[in-house]
Peer 1: 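Questions regarding the structure given below will be posed in turn.
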Amino acid sequence: MTRLDTRALQDALAREQARFAKAHPNSRAAYAAGQAHYLYGAPSHWMRRWAGGFPLAVRSAQGARLRCVDGLDYVDFCLGDTGGMCGHANPAITQAVAGQLAHGATLMLPTEAAAWVGEELTRRFGLPYWGFTTSASDANRAVIRIARMISGRTKVLVFDGCYHGSVEEAHVALDPQGRVVLRNGIHANAVDHARVSKVVPYNDVAALRAALAPGDVACVLAEPFMTNFGMFEPLPDFLAELRRATRDTGTLLVYDETHTFSSGPGGVTGRDHLDPDFFVVGKAVGGGVPVGLYGASQAVAERLWQAVPKVNPVEVRQSAHLGFGGTLAGSALQVAAVRAVLGEVLTPPAFAHMTRLAHDLAQASRAVIAEHGLPWCVVQLGARLETMFVADPPRNAAEFRSSRNDVLESLLHVYFMNRGVLITPFHCMLLMCPATTADDTARWLQVLREFCAELTGRGSA
Ligand SMILES: Cc1ncc(COP(=O)(O)O)c(C=O)c1O
């Protein structure tokens with residue numbers, strides 16, 4: 001196996017960052033100007049996380065391509081960290097959203113398209129009842145609230161390494177002693193996480209059962225295939241054990257498929273006929289319009305309707321509500337966007353194309369990595385793939401954590417940006433959209449070959 005020298009990696013990173021800075025004076029100036037008015041220099045704090053030292057300022061994006069304000073073109077495998085999985089400026093979405101804007105965007109009234117969308121959500125994901133929010137974070141907070149309302153329990157159990165958006169209960173991880181701590185550098189606030197959260201390692205049935213045994217967990221919030229800290233596949237039977245353990249202890253089970261929707265038209269839940277109590281999806285499902293969706297099972301819905309009846313009696317109409325919602329949730333604009341996404345864009349043929357590309361790219365990337373003797377692996381789930389700097393796919397966050405190399409990861413990101421390829425800035429994830437082509441994936445492979453050759457000193461880059 002090839003070993004990489006830390007000093008050499010740091011030197012290479014400094015060289016690539018200098019090259020990036022030189023090639024992007026307009027982006028650099030835009031970020032500098034942003035410092036005066038944004039807390040973190042750009043409209044969202046995530047945008048400062050790109051490895052070049054400042055984010056690209058974008059002039060336009062189309063399909064799987066993007067052009068920055070310095071006039072440079074990129075193949076975009078980041079796709080807005082999944083929000084752009086439909087491809088940028090998709091014509092069907094543009095037309096549907098523009099058409100709805102012209103007829104009223106947000107009305108506090110449903111439109112006719114809502115019926116089709118509700119039916120399609122059930123057909124794809126299996127759960128009978130749905131609600132809209134304005135983000136996946138909001139959808140997760142909504143289901144946590146319902147789970148607490150109907151169970152009377154406080155705690156939320158998540159798996160070590162998870163990310164579920166701005167959900168306080170899920171901002172936790174396990175330290176090497178197995179204690180609950182704030183995850184990944186998140187700054188402490190006044191919340192007592194020991195009171196509201198439990199964390200166990202993914203793929204560990206014994207730890208899961210032990211954590212659920214006291215009967216104080218309202219819900220388990222999980223991805224059916226973890227994607228946010230490396231990518232971990234469930235071991236055979238793990239999801240069945242998870243379902244069994246939650247049922248045995250009266251705990252509700254939420255599958256958050258905001259990322260794993262990449263696995264196909266019905267997510268992992270639809271594909272594998274999983275049977276969660278709640279389902280959450282966001283990002284891609286709105287085609288760029290902020291949308292979160294939560295689904296509930298028949299049993300959950302009936303328990304909820306006991307607490308909050310379906311039709312408000314007149315005398316309580318001002319007070320009987322769910323405690324969450326969002327004025328723009330379920331807006332005409334959102335519904336029009338989701339209708340276009342599910343009806344015309346993220347269709348079974350589109351997923352077949354994206355998955356085929358991702359599969360072939362994963363295989364070819366593994367071959368390049370093996371040729372160079374690097375101890376890395378590539379894990380794929382439908383349209384998404386992740387490169388990790390560890391020989392065998394990790395089964396949980398502790399295994400992945402031990403392999404992390406921040407310098408190497410930053411170097412990879414900026415090296416690829418300097419050669420016209422973008423991947424999601426927080427980890428080494430690539431995502432296909434319906435407009436991604438074999439030329440785009442060939443570009444990744446070409447740069448990967450150069451990168452591996454340069455790292456290992458085998459051949460010139
Ligand atoms: C699994 C999962 N759930 C929820 C979210 C939150 O999505 P949003 O930021 O759109 O609320 C994310 C974001 O990355 C996610 O990966």
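In each ligand, atom 1 is the first atom listed, and ligand 1 is the first ligand listed.
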Peer 1: Are more than 12 heavy atoms from other residues, nucleotides or ligands located less than 6.0 Å from atom CZ of Arg67?
Peer 2: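 Check fails, neighbour count at 12 or below.
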Peer 1: Tell me the residues surrounding ligand 1, counting only those with a heavy atom closer than 4.0 angstrom, sorted by chain and number.
Peer 2: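 Shell around ligand 1 (4.0 Å, heavy atoms): Ser135, Ala136, Ser137, Asn140, Tyr163, His164, Gly165, Glu223, Asn228, Asp256, Thr258, His259, Lys283.
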Peer 1: Parallel, tilted or perpendicular for His171 and Tyr163, by the 30°/60° rule?
Peer 2: parallel
Peer 1: Taking the cut-offs as 6.0 angstrom to the six-membered ring centre and 45 degrees off its axis, would you call Arg419 and Tyr415 a cation-pi pair?
Peer 2: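 Geometry flag: set, cation within 6.0 Å and 45°.
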Peer 1: Please assess Arg401 against Asp160 for the test salt bridge (charged side-chain N to carboxylate O under 4.0 Å, His left out), listing each intermediate value before the final yes or no.
Peer 2: CA-CA 11 Å; Arg401 219 170 259 130; Asp160 190 20; 3.0 Å; yes
Peer 1: Side-chain atoms of residues 322-343: list all donor-acceptor pairs with protein atoms under 3.5 Å, sequence neighbours left out, distances to 0.1 Å.
Peer 2:
{"unit_1": "Ser331", "atom_1": "OG", "unit_2": "Leu333", "atom_2": "N", "d": "3.4"}
{"unit_1": "Ser331", "atom_1": "OG", "unit_2": "Gln334", "atom_2": "N", "d": "3.1"}
{"unit_1": "Gln334", "atom_1": "OE1", "unit_2": "Gly330", "atom_2": "N", "d": "2.5"}
{"unit_1": "Gln334", "atom_1": "OE1", "unit_2": "Ser331", "atom_2": "N", "d": "3.3"}
{"unit_1": "Gln334", "atom_1": "NE2", "unit_2": "Thr133", "atom_2": "O", "d": "3.0"}
{"unit_1": "Gln334", "atom_1": "NE2", "unit_2": "Pro290", "atom_2": "O", "d": "2.7"}

Peer 1: Within a reach of under 6.0 Å around CD of Gln298, are more than 12 heavy atoms found that belong to other residues, nucleotides or ligands?
Peer 2: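 Atom CD in Gln298 is crowded, with more than 12 foreign heavy atoms closer than 6.0 Å.
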